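Note that the structure is a prediction, hence the values are computed from the model and not measured.
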Amino acid sequence: MLISIDFESDTPIYEQLKMQIVKGIAKGELQKGESLPSVRQMAVDVGINLHTVNKAYNILKQEGYLNIDRRIGAVVSESMPNNTDEFKEELNEELEYIIADSSCRGMNKDEFLNLCSRIFDKYNI
């Protein structure tokens, strides 16, 4: 999996890294049980600070996407996070904003749903 960071983006670098790892897992580019590069190696490979990588890895661990062991490093979790009510609430809030923003920009429901469908189809769901 190729990680690409946009240093000009308003999205924090740790968040970009986190999102790309989750997308890689969802697309099957990263398999359950697969080891990720060490924090130091990922920082060198991507060209970012190791504390930034550490932050992304720790958030992914808290969310249930990674297991981190001092001996073997970061590994994609064998079981993915659950689809909880809390997750659904957060998703609902994020989607409300995205839909409102899309509506303000003139996108209609069919355009929005077609775009969502095309994106959804890219993942192993």
Original post:
How long is the span from the OG atom in Ser4 to the CG atom in Leu17, to the nearest 0.5 Å?
Top reply: 11.0 Å
Original post:
Does the Asn82 side chain pair with the main chain of Thr84, one donor and one acceptor, at a distance under 3.5 Å?
Top reply: no
**OP:** Determine yes or no for a side-chain-to-main-chain donor-acceptor pair under 3.5 angstrom, with Asn54 supplying the side chain and Leu50 the backbone.
**Re:** no
**OP:** Report yes if the side chains of Thr11 and Asp6 come closer than 4.5 Å at any heavy-atom pair, otherwise no.
**Re:** no
**OP:** Kindly give the heavy-atom pair with the smallest separation between Tyr14 and Ala56, and that separation in Å.
**Re:** O-CB, 3.6 Å
Subject >> Note, Ile98 side chain near Ser102 side chain (heavy atom, < 4.5 Å) >> reply: yes
**OP:** Locate the shortest heavy-atom distance separating Glu111 from Asn108; write the atom from each residue and the value.
**Re:** N-OD1, 2.8 Å
Original post:
Rounded to the nearest 0.5 Å, how far apart are CD1 of Ile99 and CZ of Phe112?
Top reply: 4.5 Å
**OP:** Give every residue pair that meets the salt bridge (Lys or Arg N to Asp or Glu O under 4.0 Å) criterion with at least one member in residues 32-52, sequence neighbours excluded.
**Re:** none
**OP:** Check whether any side-chain heavy atom of Leu66 sits under 4.5 Å from a side-chain heavy atom of Ser77, and report yes or no.
**Re:** no
Original post:
Leu2 and Met19: same hydrophobic cluster, using ILVMFWY side-chain contacts below 4.5 Å?
Top reply: no
Subject >> Heavy-atom pair with the smallest gap, counting every atom of Ile68 and Asn58 >> reply: CD1-OD1, 3.9 Å
Original post:
Just how far is it from atom CD of Gln16 to atom OG1 of Thr52, taken to the nearest 0.5 Å?
Top reply: 11.0 Å
Original post:
How far apart are the closest heavy atoms of Val75 and Ser35, and which atoms are they?
Top reply: CG2-OG, 3.8 Å
Subject >> CG/Asp85: more than 12 non-hydrogen atoms of other groups inside 6.0 Å >> reply: no
Original post:
Does Val44 share a hydrophobic cluster with Val53, counting links as ILVMFWY side-chain heavy atoms below 4.5 Å and allowing steps through other members?
Top reply: no
Subject >> Over all atoms of both residues, closest heavy-atom pair of Pro37 and Tyr57 >> reply: O-OH, 2.7 Å
**OP:** Inspect the surroundings of CZ in Phe7 and state if more than 12 heavy atoms from other residues, nucleotides or ligands are less than 6.0 Å away.
**Re:** yes
Subject >> Leu36 with Ile72, same ILVMFWY side-chain cluster at under 4.5 Å >> reply: no
**OP:** Salt-bridge test for Lys18 and Glu63: reply yes if a basic N is under 4.0 Å from a carboxylate O, no otherwise.
**Re:** yes
Original post:
How far does CD of Gln31 sit from CD of Glu78, to the nearest 0.5 angstrom?
Top reply: 10.0 Å
**OP:** Applying side chain to side chain contact (heavy atoms under 4.5 Å, CB included), run through Arg118 and Asn114 and close with a yes or a no.
**Re:** CA-CA 6 Å; Arg118 284 195 311 272; Asn114 285 334; 4.1 Å; yes
Subject >> For Met1, the option from Lys23, Lys27, Glu29 that meets side chain to side chain contact (heavy atoms under 4.5 Å, CB included) >> reply: Glu29
Subject >> OG on Ser9 to CD on Glu15, rounded to 0.5 Å >> reply: 10.0 Å
Subject >> Side chains of Phe87 and Pro81 in contact at under 4.5 Å (non-hydrogen atoms) >> reply: no
Original post:
With hydrophobic residues grouped by side-chain heavy-atom distances under 4.5 Å, do Ile3 and Val76 end up in a single group?
Top reply: yes
**OP:** Find out if a path of hydrophobic residues (ILVMFWY) with successive side-chain heavy-atom gaps under 4.5 Å connects Met42 to Ile5.
**Re:** yes
Original post:
Roughly how far apart are Asn67 CG and Ser79 OG, rounded to 0.5 Å?
Top reply: 7.5 Å
